[in-house]
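To keep things clear, I will list the structure first and then write my remarks on it.
Below, read A as the first sequence line, B as the second, and so on, with proteins coming before strands; counting in each chain starts at 1.
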There are 2 protein chains.
Amino acid sequence: MAQEYPQLLLNNQLCFPLYACSRKIVGSYTPFLKPLGLTYTQYLVLMVLWEHESMSVGQLGNILYLDAGTLTPLLKRLEKAGYVTRERSKDDERITIISITEAGNQLKEQCKDIPSKISAGSSALTREEAGELYRMLYVFLKEE
Amino acid sequence: MAQEYPQLLLNNQLCFPLYACSRKIVGSYTPFLKPLGLTYTQYLVLMVLWEHESMSVGQLGNILYLDAGTLTPLLKRLEKAGYVTRERSKDDERITIISITEAGNQLKEQCKDIPSKISAGSSALTREEAGELYRMLYVFLKEE
DNA sequence: TTCAATTATATTGCGCGCAATATATTTATG
DNA sequence: CATAAATATATTGCGCGCAATATAATTGAA
């Protein structure tokens, strides 16, 4: 059947390649993360904590664009694995402070070569193009 | 804590903005799709069927980069809603043929203005930039 | 022709991702 | 000071998304 509404064609939408691409690239981390017992989202959380050491659930959510419904159970799994601690702030009992543990910091050593292995496979874009892509994605992210 | 491995900084990775961006844009469809009782992925499936009318589960998966583990339950929900039918091929009983129904085709009328409403909110990129973004995403998608 | 390999879909299990709601704490207001 | 509003996190429910496994049909090779 011919499509009388060209705007409804999959190939005319920016959203679909973005969605498919995101899943594909996130999936490309699995071979490296699964042996460590990590998911991609857990890896993102750890990257933030490797940089900042300690942070509230809400701050983590602001940085990663995730809410407590996603983060709370994920953080409990990381806690159970021994990579983070969860404790209520003394100053404000509403806030839960997440901190990286010694074991969590040691994971960094096992993860430090992952980015280069990932980007090795996706050399189809030049450095400039990748930079431009990065910039455009942040235009969307920062919007409104 | 300073990060001794700059490649592990969130802001140095292309994958994260892609992942966050994808979720944000997919989420922007919700206000339009939820009143119709559809999810974004169901909407993608319907877009393919509005164009092609009838197709196997495997073909749908090839187009949308999704596997039977995702598609089978999703298609059963669309069947239950009356938007598609699922029947085994006469020629090859392994194949399940998905076909759009009358009711499924009528949904097209209610969806035809969604793309313009979505892109209206994301006018931060010029037409040329959007085209360039689209092209780069497909470079990743088609890779290997 | 028989049976092993291949193909197509379905099922199971688990971790998101997010909307909606609940709970507890803090802040603001009268 | 009492209490209503705001804030931060937790819980619940549901639909993906995907790996792993299962099932059934078809194809291929001896």
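Rounding to whole angstrom units, CG of residue A:Leu46 and P of C:dC16 are separated by 11 Å. Taking atom CG on A:Leu71 and atom P on D:dT11, their separation rounds to 14 Å, with Å as the unit. The interatomic distance linking B:Ile98 (CD1) with C:dA8 (C1') rounds to 12 Å, in whole Å. Atom pair A:Arg88:CZ and C:dT23:P shows a separation of 14 Å (rounding to whole Å applied). In this structure, B:Asn62 atom CG and C:dT7 atom P are separated by 13 Å, rounded to whole Å. Atom pair B:Leu66:CG and D:dA19:P shows a separation of 12 Å (rounding to whole Å applied). Atom pair A:Leu60:CG and D:dA10:C1' shows a separation of 15 Å (rounding to whole Å applied). Atom CD in B:Glu87 sits roughly 18 Å away from atom P in C:dA8 (whole-Å rounding).
Nucleic acid contact for A:Gly69: base, since at least one base atom lies under 4.0 Å from a heavy atom of the residue.
One N or O donor and one acceptor, one from the side chain of A:Arg94 and one from the base of D:dT7, sit under 3.5 Å apart.
Between A:Leu75 and B:Glu93, the residue anchored closer to the 5' end of DNA chain D is A:Leu75, taking for each the nucleotide with the nearest heavy atom. Both B:Thr30 and A:Pro73 lie close to DNA chain C; mapped to their nearest nucleotides by heavy-atom distance, the more 5′-ward contact belongs to A:Pro73. Comparing A:Asp92 and A:Leu74 by the nucleotide of DNA chain C that holds the closest heavy atom to each, the one mapping nearer the 5' end is A:Leu74.
At the phosphate of C:dA20, OP1 or OP2 sits under 4.0 Å from a side-chain N or O atom of B:Lys34. Here A:Tyr40 does not reach the OP1 or OP2 of D:dG17: none of its side-chain N or O atoms lies under 4.0 Å away. Considering only side-chain N and O atoms, A:Thr72 lies under 4.0 angstrom from the phosphate OP1 or OP2 of D:dA10. Taking only side-chain nitrogens and oxygens, A:Lys76 comes nearer than 4.0 Å to OP1 or OP2 of D:dT11. The side chain of A:Thr41 places an N or O atom within less than 4.0 Å of a non-bridging phosphate oxygen (OP1 or OP2) of C:dG17. Taking 4.0 angstrom as the limit, A:Arg86 places none of its side-chain polar atoms (N or O) nearer than this to OP1 or OP2 of D:dT9. The phosphate of D:dC18 (OP1 or OP2) has no side-chain N or O of B:Thr70 nearer than 4.0 angstrom. Checking the phosphate oxygens (OP1, OP2) of C:dC18, no side-chain nitrogen or oxygen of A:Tyr65 falls inside 4.0 Å. A close approach under 4.0 Å does not occur between any side-chain nitrogen or oxygen of A:Gln59 and OP1 or OP2 of D:dA8. Close to C:dC18, at under 4.0 Å from its OP1 or OP2, lies a side-chain N or O of B:Arg23.
When distances are taken from the side chain of B:Arg77 to each of D:dG15, C:dG17, D:dC18, the shortest belongs to D:dG15. Considering only the side chain of B:Asp67, D:dC18 comes nearest among D:dT9, D:dC18, C:dT9.
The pair A:Glu129-B:Arg135 meets the salt-bridge criterion, with a side-chain N (NZ, NE, NH1 or NH2) lying under 4.0 Å from an Asp/Glu carboxylate O.
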Determine, step by step, whether A:Lys112 and A:Glu109 satisfy the side-chain contact (heavy atoms from CB on, under 4.5 Å) criterion, reporting the C-alpha distance in whole Å, the side-chain angles of both residues, the deciding distance to 0.1 Å, and the verdict. CA-CA 5 Å; A:Lys112 69 179 197 293; A:Glu109 296 301 319; 3.9 Å; yes
Apply salt bridge (Lys or Arg N to Asp or Glu O under 4.0 Å) to residues B:Glu132 and B:Arg127 and explain how you reach the verdict. CA-CA 9 Å; B:Glu132 185 63 8; B:Arg127 192 173 205 70; over 6 Å; no
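Here A:Ser56 pairs with A:Gln59 under the side-chain hydrogen bond (donor to acceptor under 3.5 Å, both in side chains) rule; sequence neighbours left out.
Ring planes of A:Tyr19 and B:Tyr40: perpendicular class, angle over 60° (limits at 30 and 60°).
Not a single donor-acceptor pair under 3.5 Å links the side chain of B:Gln42 to the backbone N or O of B:Leu74.
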